Amino acid sequence: IMYTINPGDFKSRFEIKDLKKSIDDDNIPTESWTTIWTTKGRIRKNTSYNKDVEDGDRSSITKTITARFPKHLNNFDVEDTNKYKVLYNNKLYKIASMSNIREENKYIQINIGGWE
């Protein structure tokens, strides 16, 4: 099956934020999230239901973002999901996984879970 991506579907704006760790004036480590990439992508909602959880059924909603690969980000690491978060619709989401589609550096797929 041929996997086709239509960049015309990239209508939803989102940001990738990078974790910056630093030391403040009082020598206390601080963390801040800095936007390193603002772009548009296709965002699909996936809902999965987990049955048989001790305290009843649970559903979890995740989203899958497809966008152009950020070639301009030299040190962008698709393996290190803890280093980045996604800002979408004014919510900051944790990244569950990222993949460089077919390792071509053309498109990236980002799976995001619950927001912070």
Side-chain angles (χ1 to χ4, degrees):
I1 294 174
M2 185 69 187
Y3 184 70
T4 58
I5 292 173
N6 179 3
D9 292 339
F10 294 177
K11 295 182 170 87
S12 301
R13 182 171 295 283
F14 69 96
E15 295 177 11
I16 297 284
K17 295 193 170 276
D18 187 15
L19 180 61
K20 298 278 187 231
K21 295 183 178 182
S22 57
I23 306 288
D24 71 8
D25 296 340
D26 298 322
N27 215 16
I28 296 170
T30 60
E31 292 185 351
S32 62
W33 293 97
T34 306
T35 299
I36 56 170
W37 185 36
T38 301
T39 190
K40 288 184 174 181
R42 182 182 67 195
I43 299 182
R44 290 186 318 239
K45 193 185 294 187
N46 311 317
T47 307
S48 64
Y49 293 97
N50 300 326
K51 298 281 185 194
D52 303 325
V53 180
E54 285 174 19
D55 52 357
D57 294 346
R58 280 227 183 105
S59 66
S60 62
I61 297 172
T62 59
K63 292 178 175 58
T64 301
I65 302 172
T66 307
R68 294 186 189 280
F69 194 84
K71 292 187 178 121
H72 64 289
L73 299 176
N74 295 332
N75 298 326
F76 191 76
D77 184 2
V78 295
E79 308 288 321
D80 189 0
T81 56
N82 293 325
K83 188 177 175 187
Y84 308 105
K85 290 205 187 302
V86 169
L87 182 68
Y88 171 65
N89 270 354
N90 296 319
K91 291 186 180 132
L92 201 57
Y93 290 89
K94 288 186 261 191
I95 296 176
S97 65
M98 289 190 283
S99 62
N100 179 353
I101 295 175
R102 293 207 308 245
E103 301 295 321
E104 292 176 352
N105 290 351
K106 279 187 183 172
Y107 298 101
I108 187 169
Q109 185 166 310
I110 306 168
N111 292 307
I112 57 177
W115 59 86
E116 301 274 294

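Numbers here are sequence positions counted from 1. Just so you know, these numbers come straight off a predicted model, no measurement behind them.
Residues Leu19 and Glu31 form a side-chain contact, since some pair of their non-hydrogen atoms from C-beta on lies under 4.5 Å apart. When side chains are defined from C-beta on, Ile23 does not count as touching Ile28, because their heavy atoms never get closer than 4.5 Å. A 4.5 Å side-chain heavy-atom check between Trp33 and Asp18 finds every atom pair outside the cut-off. Looking at heavy atoms from C-beta onward, Val86 lies out of side-chain contact with Leu92 at the 4.5 angstrom threshold. With contacts defined as side-chain heavy-atom distances shorter than 4.5 Å, the pair Trp37/Glu15 does not qualify. Under the 4.5 Å side-chain criterion, counting only non-hydrogen atoms from C-beta, Lys106 is not in contact with Ile101. Contact of the Arg13 side chain with the Tyr88 side chain is not registered, since no non-hydrogen atoms from C-beta on lie closer than 4.5 Å.
Nearest heavy-atom pair, Ile108 versus Arg68, reported as atom, atom and distance to 0.1 Å: CG2-O, 3.7 Å. Nearest heavy atoms, Asn105 versus Lys71: O-CE, 2.8 Å. Summarising the geometry of Gly41 relative to Phe14, their closest heavy-atom pair is N-CE2, 3.7 Å, with the distance given to 0.1 Å. Listed here is the closest heavy atom pair of Lys40 and Lys11: CD-O, 4.1 Å. Taking both residues in full, the closest heavy atoms of Arg42 and Phe10 are given as N-CD2, 3.5 Å, listed atom of the first, atom of the second, then distance. Ile36 approaches Leu73 most closely through the heavy-atom pair O-CD2, 3.6 Å.
Between the side chains of Lys20 and Ser32, no donor-acceptor pair is found at a separation under 3.5 Å.
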Kindly determine whether Ser99 and Gln109 satisfy side-chain hydrogen bond (donor to acceptor under 3.5 Å, both in side chains), including the steps that lead there. CA-CA 5 Å; Ser99 62; Gln109 185 166 310; 5.1 Å; no

Note to self: The test is side-chain contact (heavy atoms from CB on, under 4.5 Å); show your working for Ile110 and Thr64 and say whether it passes.
What the structure shows: CA-CA 6 Å; Ile110 306 168; Thr64 301; over 6 Å; no

Notebook entry, point to check: Would Thr62 and Asn111 count as a side-chain hydrogen bond (donor to acceptor under 3.5 Å, both in side chains) if you check the C-alpha gap in whole Å, the side-chain angles of each, and the deciding distance to 0.1 Å?
Noted result: CA-CA 7 Å; Thr62 59; Asn111 292 307; over 6 Å; no

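For the atom pair CD1 (Ile16) and NZ (Lys83), the distance works out to 12.0 Å, reported to the nearest 0.5 Å. For the atom pair NZ (Lys63) and OG (Ser12), the distance works out to 10.5 Å, reported to the nearest 0.5 Å.
Within a 6.0 Å sphere centred on CD of Glu79, heavy atoms belonging to other residues, nucleotides or ligands number 12 at most. Remark: Asp77 CG is packed, more than 12 non-hydrogen atoms of other residues, nucleotides or ligands lying under 6.0 Å away.
Remark: the backbone N or O of Gly8 is paired with a side-chain donor or acceptor of Asn6 at under 3.5 angstrom.
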